[in-house]
Amino acid sequence: MNELKNIAKTHKSTRMFLIFSSVLMGATVIGQAYFFVTIVDRVFLRGHSIQEIVPFLAGLLIVLIARSALTYGSGRAGVLMASKVKRDFRKKLLNKISSNPMQSALQGQSGQKVSVMMDAVDGIDSYFSRFIPQVIQTSIVPLMILVVVFTQHIYSGLIMVITAPFIPLFMAIIGMKTQKKSEEQVEKLSAFSGQFLDTLQGLTTLKLFGRSSHQKELIQKNSLNFRDATMEILKIAFMSSLMLEFISMLSMGLIALEASIRLVVFESITFFTAFFILVLAPEFYLSLKDLGSAFHTGRGSMGAANKVTEELAEKDKAIQWGAKSLNGKGSPPTIELNGTSFHYSQEGFSLRNIKAVIEPYEQVAIVGKSGSGKTTLLHLIAGLLSPTEGKIFINGTSLFDHKESDWFDQLSYISQNPYLFSGTLAENIAIGGTTDPLSTEVEVAAKKAGIDELINSLENGYDTPVGEAGRGLSGGEKQRIAIARAFLKQPSIILFDEPTTGLDLHTERVLQSSIKELSQTSTVITVAHRLHTIKNADKILFLADGELVASGTHHDLLATVPDYREMIYVQQRGVTL
Ligand code: ADP
């Protein structure tokens, strides 16, 4: 709540406008009652003619119009404030996620993030569009009514003062109960969204393993949970509005009883006064009741706000880049891992105390069993993950002291499953170039990467749409697109996650020769699975269980490291078989 309150405070001009319009609103409420009662009093009791009451009718009309305009104005101000706050929140969330897409992707479900971004932020809306305007209005309008009632008839005023506190008191009790429930509801919704998206993305896998019906049941269970949570909140909301209605009806009844006894039995007040109070009383309670219902939605926003601020608070984990420029652009830098460690979480896998120096133009192979931390190490060198301890030095300066764009400008990362965004093949290759490359340049790059034949065989050639909305490519084909990007980019460092799957001889050769050509102008660091790559490496980093067991050439390691020898033996057998 405090977080939202602070944000509300920053919207000073809107608040001033709301306060100002609430005062005017109070005046119109009182004016409306006054004109209405005066007209009735004069026409029915004093027998005035139509002409005589024309000014009052005109007054009533003006006040009614003013009241509608004010309601519209303050509603609009609230909605504008809410949309600005939501925009800011979404911007912050988007910045956070895009400032470190790798880390964001590694942490948690993407469906859940979408849910926070869309639904939780939307949940905040009502706090600004309804709750704040209503709080301001309710702290002004009923007070004005009360002052007027007191000037007319003290006892009615007293009844109002005594009964009014029951409404906020009751609201507070219910509010406290709903907050927890609404937090639960947001929680359930985001769990549901997360699971739904993840299930959709993994549908093929689930089908293959015959687990789709199990997932269906889970989704069903989660959606029913969400329904129950929503119904629970609605139940409380309906119950509480019933109770609020009851309290205000009772109070108005008391006032009516008191005024009519004074008017009829004791004849101590005039008809005008009694009627005026009777018309004002419902307005008084209506304003309080409106606050009651706004209170529910306001409270509901809190659950959503907590969710958003929680997500934003994780910001600290994002990688902060410095401003130093990378000297000697074009030629590869020296990369030094100085006792670098990384933990995914407290108890999970950790890569420990890696010490290594990678010289310019060196061909490095990272080798080790599956799960030994090879990809993690590659991500650390890429600057996609930030070391938990120790540093990575680039030409003697800490990696993250550099400008992010400087670093990524010299780097190509060819993962096992490169991402193709939705667009044509040509566009997908062209993102490798810094400026818009010519179509001939794209074609040359594709040729060097050995993907040109395949592209030319397609009906639409380079204009074939791929990605989300287009043609799917195989893992090997995607890698060749990524290599074509690298040919355009001409990076000084290439990070390559070698395919683990068996490739046909032709593709294998193409990949090898492309990487070889790229290595003429750059340092190549490969997560290597192929004997050929391992044997030809200048330096092998041999990992086991997150530790760097040994480093050196294939020959060195064969001679000195038994585990390495065994691994190569197993691999060789696999290859020759
Ligand atoms: P390799 O590439 O050698 O197969 P990885 O570096 O991919 O190994 O993974 C090393 C270990 O880290 C594995 O046990 C894996 O389960 C774990 N791991 C990988 N990514 C994550 C992640 N995002 N969160 C938690 N653990 C992870």
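Nothing fancy with the numbering, it's 1 onward along the sequence. Just so you know, these numbers come straight off a predicted model, no measurement behind them. In listed order, ligands and their atoms are each counted from 1.
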- Check whether more than 12 heavy atoms from other residues, nucleotides or ligands sit under 6.0 Å from atom CZ of R509, and answer yes or no. no

- Query: Which option out of A544, S372, G371, G368 puts a heavy atom nearest to atom 13 (C) of ligand 1?
  - Reply: G371

- Task: State the OH-OG distance between Y564 and S551, to the nearest 0.5 angstrom.
- Result: 11.5 Å

- Message: Between ligand 1 and K369, can you find any atom pair, the residue atom being a heavy atom, that is separated by under 4.0 Å?
- Response: yes

- Message: Can you check which of F349, F342, Y344 brings a heavy atom nearest to atom 24 (N) of ligand 1?
- Response: Y344

In residues 452-461, what donor-acceptor pairs under 3.5 Å come from side-chain atoms, sequence neighbours left out?
unit_1	atom_1	unit_2	atom_2	d
N456	ND2	D452	O	3.2
S457	OG	L454	O	2.6

- Message: With nothing but distance in play, are any N or O atoms of G373 less than 3.5 Å from an N or O of ligand 1?
- Response: yes

- Query: If you draw the axis of the six-membered ring of F89, does the NZ or CZ of K92 fall within 45° of it and under 6.0 Å from the ring centre?
  - Reply: yes

- Answer yes when K84 and D88 have at least one side-chain N-carboxylate O distance shorter than 4.0 Å, and no when they do not. yes

- Say whether S370 and ligand 1 are in contact under the criterion: heavy-atom distance to a ligand atom below 4.0 Å. yes

